[in-house]
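Here is the structure we will look at, set down as structure tokens.
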Amino acid sequence: MADQDITYDEVAAAAAGLQDGGQPVTLEAVRAFVGNGSPNAVYKHLAAWRASNSKPAEVPPATLPESLVADLAAWARQFAHDAGAAEREALAQSDADRDALLAAGDALEAEREALRAELADRDEAIERLNAELRNARQVAMDALVSKAKDQLAIDGKEAQLTALRAEIERNVAAQAAESDRRLAAEMELVGATTARTALEAENADLRAQLQAARKR
């Protein structure tokens, strides 16, 4: 039979017949069944038939002796225990590390809260000191302004006192001159009074002598 005369149906029929007859379905058996066709053509159709008709082989049940199963179970438990020892130790260490980290975190949180409270107190103290400093600066500024005003007032009073002192000195000088003038006038008046008294006494004496002369 020529290669082009071999069809899938022929190969499938040959393979099914071999399988039903309990014979192995091989490439050579199928070729012989269909008349020794081209190996490539037969293989191509046979592969397609196997892909669509072959059944998976039944796997026999794996049965082990009970003693072997028990030994394997004990070995598995021991192996799991031994194999997990390092993991359990690492897990325990991880738990311990986690607890230590949590404790350290709590301590840091408490310390942070304490620092936050301390900073709040410091901020309050700084604000209070700033307020006191502002008040002190204001008081100092007010004192300087008042002192400047007082100094200006003092300077003005000094000028007034200087003028008053000059006026007083002028008045004292004028009063002294007037007093000297009055004293001189009084002295002249005293001299005139004394002279008049002397003249009056002399006149009285002359009158007395005149009267005495007349009597004689």
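Distance check: N40 CG to I6 CD1 gives 10.5 Å after rounding to the nearest 0.5 Å. R128 CZ to R122 CZ: the interatomic distance, rounded to the nearest 0.5 Å, is 13.5 Å. If you take CG on L189 and CZ on R196, they are separated by 8.5 Å, rounding to the nearest 0.5 Å. Separation of atoms CG (D142) and CD (Q138) is listed at 4.5 Å; rounding is to 0.5 Å. In this structure, the separation between CG on D123 and CD on E118 is 10.5 Å, given to the nearest 0.5 Å.
Partners of E66 according to the side chain to side chain contact (heavy atoms under 4.5 Å, CB included) rule, which considers only residues two or more places apart in sequence or in another chain, do not exist here. Every residue two or more places apart in sequence or in another chain that forms a side chain to side chain contact (heavy atoms under 4.5 Å, CB included) with L68 is listed here: L64, P65, L72. In terms of the ring-ring contact (aromatic ring centres under 6.0 Å, His included) criterion, Y8 has no residue partners (sequence neighbours excluded). In this view, R116 and R112, E113 satisfy the side chain to side chain contact (heavy atoms under 4.5 Å, CB included) rule, not counting sequence neighbours. Every residue meeting the salt bridge (charged side-chain N to carboxylate O under 4.0 Å, His left out) condition with E167, not counting sequence neighbours, appears here in chain and number order: R170. With sequence neighbours excluded, the residues satisfying side chain to side chain contact (heavy atoms under 4.5 Å, CB included) with R207 are N203.
The shortest distance between side-chain heavy atoms of Q23 and Q19 does not fall below 4.5 Å.
Here the closest non-hydrogen pair linking H81 and R88 is O-NH2, 3.0 Å. Scanning all heavy atoms of the two residues, the minimum distance from Y43 to L27 falls at N-CD1, 3.7 Å. Considering every non-hydrogen atom in both L18 and A29, the closest pair reads CD1-CB, 3.6 Å. Shown here for V34 and A14, the closest heavy-atom pair between the two residues is CG1-CB, 3.8 Å.
A salt bridge is absent between R165 and E169; no separation between the charged side-chain nitrogens and carboxylate oxygens falls under 4.0 Å.
Between the side chains of Q175 and N171, no donor-acceptor pair is found at a separation under 3.5 Å.
Side-chain atoms of T197 come within 3.5 Å of backbone N or O of T193 as a donor-acceptor pair. When atom types are taken as modelled, the side chain of E10 and the backbone of T7 share a donor-acceptor pair closer than 3.5 angstrom. Of the possible donor and acceptor atoms, none in the side chain of R31 sits under 3.5 Å from a partner among the backbone N and O of T26.
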**OP:** Could you give me the CA-CA distance, side-chain angles and deciding distance for K44 and W49, then say whether side-chain contact (heavy atoms from CB on, under 4.5 Å) is met?
**Re:** CA-CA 9 Å; K44 180 179 66 175; W49 177 85; over 6 Å; no

Original post:
Would R50 and L46 count as a side-chain contact (heavy atoms from CB on, under 4.5 Å) if you check the C-alpha gap in whole Å, the side-chain angles of each, and the deciding distance to 0.1 Å?
Top reply: CA-CA 6 Å; R50 284 176 176 171; L46 181 60; 3.7 Å; yes

